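In what follows, a single structure is set out as structure tokens and then discussed.
Note that this is a predicted model, so its numbers are computed, not measured. Every number for a ligand or one of its atoms is a count from 1 in the order of the listing.
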Amino acid sequence: MTDTPKTRLATDLVHGGRIRTNLYENSEALFLTSGFVYDDAEQAEAVFANQIQHYQYSRFSNPTVAMLEAKLAKIEGADVCRATATGMAAVSAAVLCGVKAGQRVVASRALFGSCHWIISTLLPQYGIETMFVDGADLDQWRAALSQPTALVLLESPSNPMLDIIDLRAVSALAHEAGAIVVVDNVFATPLLQKPLELGADVVVYSATKHMDGQGRVLGGAVLGAKDWMEQVFQPFFRNTGPTMSPFNAWVILKGLETMHLRVKAQSDSAETVARFLEASPKIARALYPTLASHPQRALAMSQMSGGGTMVTFEVEGGKDGAFRLMNALRIVTISNNLGDARSLATHPATTTHMRIGPEERARMGITDGTIRLSVGLEDVQDLIDDLTQALAQV
Ligand SMILES: *Cc1c(COP(=O)(O)O)cnc(C)c1O
């Protein structure tokens with residue numbers, strides 16, 4: 001590559017990280033190969049001795065995946081990115097690679113269901129002490145982080161209640177306790193929130209969501225500073241193999257080219273839908289970070305540049321009311337995915353958050369009438385018309 005100009009987000013989403021071969025392809029090439037070959041045995045020896053840079057095996061690295069990693073690192077402003085097979089591979093690898101038996105992990109309670117399971121069930125099996133706090137309550141963080149801690153995991157805005165955690169304050173408390181801070185930034189996307197600039201150490205994504213954005217493939221990413229990524233994360237990654245398929249990386253590269261346009265349009269529609277729902281007499285409450293009624297609006301606006309693509313609301317009539325509304329929808333479909341071009345409705349209490357049980361759901365504020373809506377790219381008036389006719393049946 002010749003002298004690279006300093007560029008802005010939209011340009012980086014299209015061009016960032018490109019490796020062009022001597023065949024001069026325009027769009028990124030898909031290197032669907034498990035391994036790579038060497039000119040001679042001496043070259044193979046030198047590659048394994050780290051004396052020359054050369055692709056070896058796609059579990060370690062692959063050119064298509066490397067293009068995605070370079071593009072994501074550039075967008076996030078991180079030194080290093082490693083792409084993973086799924087978002088959960090990213091979260092589990094980021095959490096497991098550095099913590100040891102006898103150490104302590106603190107997490108916000110309002111986590112994606114599988115992240116919650118890793119903290120509540122998996123880590124204790126390895127002798128790691130874990131504890132949950134209510135993420136919005138700084139006093140609870142302060143108490144939990146008054147003891148030496150190895151790692152903090154949190155999600156903001158949270159799934160599905162859109163709680164906001166003060167990333168600057170929690171990062172400062174965590175660092176005093178000796179912990180690294182891992183932020184699951186799926187709901188905000190790298191476009192609306194930059195955890196590393198707010199004090200976090202590691203950012204994890206499910207690329208399945210807004211990065212693909214069109215419901216096709218699974219993927220994840222872990223991003224952080226060079227030292228931690230190379231010394232702590234890389235040995236775990238290389239030897240346990242949570243690697244992303246080159247095909248999925250190629251699809252996600254295509255998704256990223258339009259991510260800023262999609263996230264902007266979907267966020268604008270989400271805010272419009274949230275205002276509509278808030279005004280409906282059959283909706284007990286509607287949650288969206290930029291609404292004046294959101295209890296943490298000021299904090300949200302101090303660390304995010306937009307409200308995101310998700311709206312959570314509570315229908316009258318509990319589970320029955322929620323099911324009636326969801327079953328009456330004609331454009332919005334029922335699915336547990338999010339960040340898709342198609343609007344998707346989820347009933348957390350019976351699906352994504354079913355396994356955590358009624359008590360923990362109550363602590364998180366998830367009621368039987370709670371619906372999580374991922375707002376897509378449809379005409380927003382069609383979405384409001386659809387919700388209007390469905391609400392008439394509640
Ligand atoms: C979907 C999701 C994950 C898990 O990602 P997968 O790609 O499904 O493995 C983790 N955290 C959050 C907040 C998510 O929404």
Side-chain angles (χ1 to χ4, degrees), residues 65 68 72 81-96 107-120 122 132 135 152-165 167 181-193 195 200 202-223 237 240-245 247-249 251-252 255-256 259 263 266 270 287 289 304 308-312 335-340 342 344-348 351-356 364 366 370 372-376:
V65 181
L68 174 66
L72 290 178
C81 169
R82 293 311 317 254
T84 55
T86 65
M88 284 323 303
V91 175
S92 56
V95 170
L96 286 168
S108 56
R109 189 182 308 286
L111 291 176
F112 181 72
S114 295
C115 300
H116 193 276
W117 180 84
I118 286 174
I119 302 296
S120 69
L122 183 69
F132 286 112
V152 163
L153 175 67
L154 60 86
E155 191 185 317
S156 179
S158 73
N159 175 22
M161 300 312 287
L162 308 178
D163 295 330
I164 310 294
I165 297 175
L167 295 182
V181 178
V182 180
V183 175
D184 183 339
N185 204 36
V186 165
F187 272 40
T189 80
L191 308 179
L192 301 178
Q193 179 168 272
V202 177
V203 183
V204 290
Y205 288 102
S206 167
T208 315
K209 313 294 167 55
H210 303 87
M211 292 180 180
D212 173 26
Q214 289 147 89
R216 300 165 294 193
V217 298
L218 299 172
V222 178
L223 300 106
F237 179 87
T240 63
T243 316
M244 177 183 280
S245 141
F247 179 78
N248 288 11
V251 172
I252 294 165
L256 285 175
M259 180 167 72
V263 168
Q266 290 172 227
L287 292 165
M304 297 173 71
T309 63
M310 307 295 293
V311 181
T312 298
S335 174
N336 44 278
N337 199 10
L338 63 95
D340 196 281
R342 286 151 284 265
L344 304 171
T346 307
H347 186 246
T351 60
T352 54
H353 291 71
M354 183 258 288
R355 286 203 167 74
I356 64 170
M364 288 167 59
I366 303 170
T370 300
R372 186 191 79 184
L373 185 64
S374 171
V375 178

Name the closest protein heavy atom to atom 1 (C) of ligand 1, giving the residue it belongs to and the distance to 0.1 Å. Lys209 NZ, 1.3 Å

Would the distance check show the side chain of Arg342 and the main-chain N or O of Gln214 forming a donor-acceptor pair, the cut-off being under 3.5 Å? yes

Which protein heavy atom lies closest to atom 6 (P) of ligand 1, and at what distance to 0.1 Å? Gly87 N, 3.4 Å

In the protein, which heavy atom is nearest to atom 9 (O) of ligand 1, and how far is it? Met88 N, 2.8 Å

Element-labelled atoms of ligand 1 that are located less than 4.0 Å from some non-hydrogen atom of Leu338: 15 (O)

What's the shortest heavy-atom distance between Val183 and Ala200, and which atoms? CG2-CB, 3.6 Å

Contact atoms of ligand 1, heavy-atom distance to Thr86 under 4.0 Å: 7 (O), 9 (O)

Look only at interatomic distance and state if Asn159 has a nitrogen or oxygen under 3.5 Å from any nitrogen or oxygen of ligand 1. no

How far is atom 12 (C) of ligand 1 from its nearest protein heavy atom, and which residue and atom name does that atom have? Asp184 OD2, 3.4 Å

Would you please indicate yes or no on a ring centroid separation below 6.0 angstrom for His116 and Phe132? yes

Does Leu167 reach the side chain of Leu154, with side-chain heavy atoms less than 4.5 Å apart? yes

Gly219 heavy atoms within 4.0 Å reach ligand 1 at atoms 7 (O)

Leu344 versus Leu338: any side-chain heavy-atom pair under 4.5 Å? no

At less than 4.0 angstrom from any non-hydrogen atom of Glu155, what atoms of ligand 1 do you find? 13 (C)

Between the side chains of Arg372 and Asn159, is a donor N or O closer than 3.5 angstrom to an acceptor N or O? yes

If you scan protein heavy atoms around atom 4 (C) of ligand 1, the nearest is Phe112 CE2, 3.4 Å

Are any non-hydrogen side-chain atoms of Ile366 and Pro160 less than 4.5 angstrom apart? yes

